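Everything quoted here is computed from the prediction, not taken from an experiment. Every chain is numbered from 1 and lettered A, B, ... according to where its sequence line falls, protein lines coming before strand lines. What's counted below: heavy atoms across the whole structure, side chains too, no hydrogens, waters or symmetry copies.
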Amino acid sequence: MNIFFSLIAGLVFGFGLIISGMTNPAKVHGFLDVAGAWDPSLALVMLGGILVASIGFFFARKQSQSWLGLPLQMPSARNIDRRLVLGSLLFGIGWGLAGICPGPALVLVGAGVVKGGIFALAMLGGMVLFELVESNRKLPVASAATTNSPAK
Amino acid sequence: MTIDTMHFTPIAALIGGLLIGTAATLFMLINGRIAGISGIIGGILRPAAGDVLWRFAFVFGLMLAPVLYGTFATLPEIQVDSGYPLLIVAGLLVGIGTRYGAGCTSGHGICGISRLSPRSIVATLLFVSSGMATVFVLRHLLGVN
């Protein structure tokens with residue numbers, strides 16, 4: 001059942017991206033180009049999304065579980081660390097270079113846009129690279145934590 | 001700063017945004033999950049038992065959207081100005097950056113800000129700023145696009 005609703009959510013999300021114009025990289029560039037002729041559309045997309053989702057999350061928080069009886073997996077991280085800052089800055093540079101972020105990249109693949117496919121493949125490559133680096137550094141970090149713990 | 005009135009589409013942008021917000025809301029209420037695209041894709045690359053199929057379903061839904069939309073209406077214009085080398089560098093940066101920073105425009109920008117998460121507010125300010133700085137350098141200093 002949750003598989004079906006995942007598909008529906010992805011579909012509605014995709015329709016939203018298409019209607020909003022955010023699947024057009026040229027339009028995203030128009031928003032990011034504040035020194036040129038500025039197209040504020042993307043700000044209104046975010047405003048619309050946040051308007052609905054903030055009400056939605058407000059009510060979701062009052063529930064002990066989802067409508068399908070699944071746990072509500074709200075992120076719990078609070079700290080603003082180096083990873084968040086560096087990662088977001090890097091993401092912004094890539095976003096600025098192509099005018100494409102992960103959601104629209106997948107819609108472009110579905111629309112059969114070759115350049116979208118190339119971007120999506122490179123994006124997947126970047127994510128795989130991240131996983132490889134992460135799994136390599138997990139072990140030393142874990143052992144350092146265990147050797148430190150007796151001192152505490 | 002001049003507003004590009006020729007390309008500014010406030011109504012369509014707002015309606016599209018409301019739909020995206022609706023999708024994110026339903027996904028939390030029904031599936032108990034954050035609709036963060038980079039996180040959903042990233043989880044496929046770090047597979048855990050019983051945690052993979054729904055991710056593929058969401059990704060499939062996103063890719064199905066233009067196909068279904070296209071059968072009933074004309075898809076809005078899609079114009080990719082960047083050349084292949086730029087697209088590949090951009091894709092790599094987006095892939096690494098969204099995973100390292102734990103989110104993208106959907107997870108941080110829509111869902112995170114809606115939850116009033118300080119992390120997501122900072123992340124969104126940062127990626128919008130670095131995106132704008134990148135386009136400035138690209139267009140106005142280097143003259144690309």
Side-chain angles (χ1 to χ4, degrees), chain A residues 2-3 5-7 9-16 18-20 24-26 32-33 35 37 39 41 44-45 48-50 52-54 56-57 60 66-67 70 72 80 84 87-98 101-103 106-107 110-111 115 118-119 122-123 126-127 130-131, chain B residues 4 7-9 13-14 16-25 27-32 37-38 45 53-54 57-58 61-63 65-66 69 78-80 82 87-88 90-101 104-106 110 113-115 122-123 126-127 130-132 134-135 140:
Chain A
N2 71 321
I3 310 284
F5 284 111
S6 283
L7 189 134
L11 196 59
V12 175
F13 202 108
F15 286 147
I18 292 167
I19 291 168
S20 68
N24 183 7
L32 293 175
D33 188 9
D39 177 359
S41 302
L44 286 180
V45 180
I50 291 167
V52 178
S54 54
F57 286 135
S66 86
W67 293 348
L70 298 163
L72 289 174
I80 294 159
L84 183 87
S88 299
L89 286 173
L90 283 182
F91 162 45
I93 295 172
W95 191 37
L97 288 178
C101 55
L106 294 177
V107 176
K115 281 184 165 180
I118 298 291
F119 175 91
M123 180 178 83
M127 289 180 172
F130 167 83
E131 290 300 333
Chain B
D4 185 356
H7 292 101
F8 184 33
T9 48
L14 207 55
L18 294 174
L19 266 179
I20 293 169
T22 305
T25 296
F27 203 48
M28 178 51 74
L29 286 173
I30 298 175
N31 284 37
I37 314 297
S38 58
L45 304 172
L53 263 181
W54 70 268
F58 194 98
L62 269 175
M63 302 205 308
Y69 191 98
I78 294 170
Q79 185 192 336
V80 189
S82 317
L87 283 169
I88 291 170
L92 281 170
L93 286 172
V94 169
I96 296 168
T98 52
R99 294 302 289 142
Y100 200 53
C104 59
T105 2
S106 49
I110 305 270
I113 292 184
S114 297
R115 295 185 299 112
V122 169
L126 288 173
F127 64 67
S130 72
M132 285 176 170
T134 302
V135 171
H140 301 282

Subject >> Rounded distance [0.5 Å steps], CH2 in A:Trp95 versus CE in B:Met132 >> reply: 7.5 Å

Original post:
Where the side chain of A:Ser20 meets the backbone of B:Ala13, is there a donor-acceptor pair that is under 3.5 Å apart?
Top reply: no

**OP:** Answer whether the closest heavy-atom distance between the side chains of B:Ile96 and A:Met127 falls below 4.5 Å.
**Re:** no

Original post:
Does some side-chain heavy atom of A:Ile19 sit less than 4.5 Å from a side-chain heavy atom of B:Leu19?
Top reply: yes

**OP:** Begin with the C-alpha distance, continue with both residues' side-chain angles, and end with the deciding distance and a verdict on side-chain contact (heavy atoms from CB on, under 4.5 Å) for B:Phe27 and A:Ser6.
**Re:** CA-CA 7 Å; B:Phe27 203 48; A:Ser6 283; 3.5 Å; yes

**OP:** Kindly indicate whether the side chain of B:Thr105, heavy atoms from C-beta on, has any atom under 4.5 Å from the side chain of A:Cys101.
**Re:** yes

Subject >> Between CD1 on residue B:Ile110 and CZ on residue A:Phe57, distance to nearest 0.5 Å >> reply: 9.5 Å

**OP:** Show your reasoning for whether side-chain contact (heavy atoms from CB on, under 4.5 Å) applies to A:Asp33 and B:His140.
**Re:** CA-CA 9 Å; A:Asp33 188 9; B:His140 301 282; 2.7 Å; yes

Original post:
Distance from A:Phe5 atom CZ to B:Leu29 atom CG, nearest 0.5 Å?
Top reply: 11.5 Å

Original post:
Any side-chain heavy atom of A:Leu44 within less than 4.5 Å of one from B:Phe8?
Top reply: yes

**OP:** Could you point out which residue of B:Val94, B:Leu93, B:Thr98, B:Leu126 forms a side chain to side chain contact (heavy atoms under 4.5 Å, CB included) with A:Leu90?
**Re:** B:Leu93

**OP:** Examine whether an atom of A:Leu70 lies under 4.5 Å from a heavy atom of chain B, and if so say whether it belongs to the side chain, the backbone or both; otherwise answer neither.
**Re:** side chain

Original post:
Do the side chain of B:Ser130 and the main chain of A:Leu89 share a donor and acceptor less than 3.5 angstrom apart?
Top reply: yes

Original post:
If you look at every heavy atom in A:Ala111 and B:Ile78, which pair is closest and at what distance?
Top reply: CB-CD1, 4.3 Å

**OP:** Output yes when a side-chain donor or acceptor of A:Lys115 lies under 3.5 Å from a complementary backbone atom of B:Ser82, and no otherwise.
**Re:** yes

**OP:** Start with the C-alpha distance between B:Ile37 and A:Phe13, add both sets of side-chain angles, then the distance that settles side-chain contact (heavy atoms from CB on, under 4.5 Å), and finish with yes or no.
**Re:** CA-CA 10 Å; B:Ile37 314 297; A:Phe13 202 108; 4.1 Å; yes

**OP:** Measure the spacing between CD1 of A:Ile3 and CZ of B:Phe58 and express it to the nearest 0.5 Å.
**Re:** 13.0 Å

Original post:
Taking side chain as C-beta onward, heavy atoms only, is A:Leu84 less than 4.5 Å from B:Tyr100?
Top reply: no

**OP:** For the pair A:Ser41 (side chain) and B:Thr9 (backbone), establish whether a donor and an acceptor sit closer than 3.5 Å, ignoring hydrogens and angles.
**Re:** yes

Original post:
So A:Leu32 and B:Thr134, side-chain contact (heavy atoms from CB on, under 4.5 Å) or not? Walk me through it.
Top reply: CA-CA 9 Å; A:Leu32 293 175; B:Thr134 302; over 6 Å; no

**OP:** Working to the nearest 0.5 Å, report the span between CG of A:Leu11 and OH of B:Tyr69.
**Re:** 12.5 Å

Original post:
Between A:Asn2 and B:Asn31, is there a donor-acceptor pair closer than 3.5 Å when you use the side chain of the first and the backbone of the second?
Top reply: no

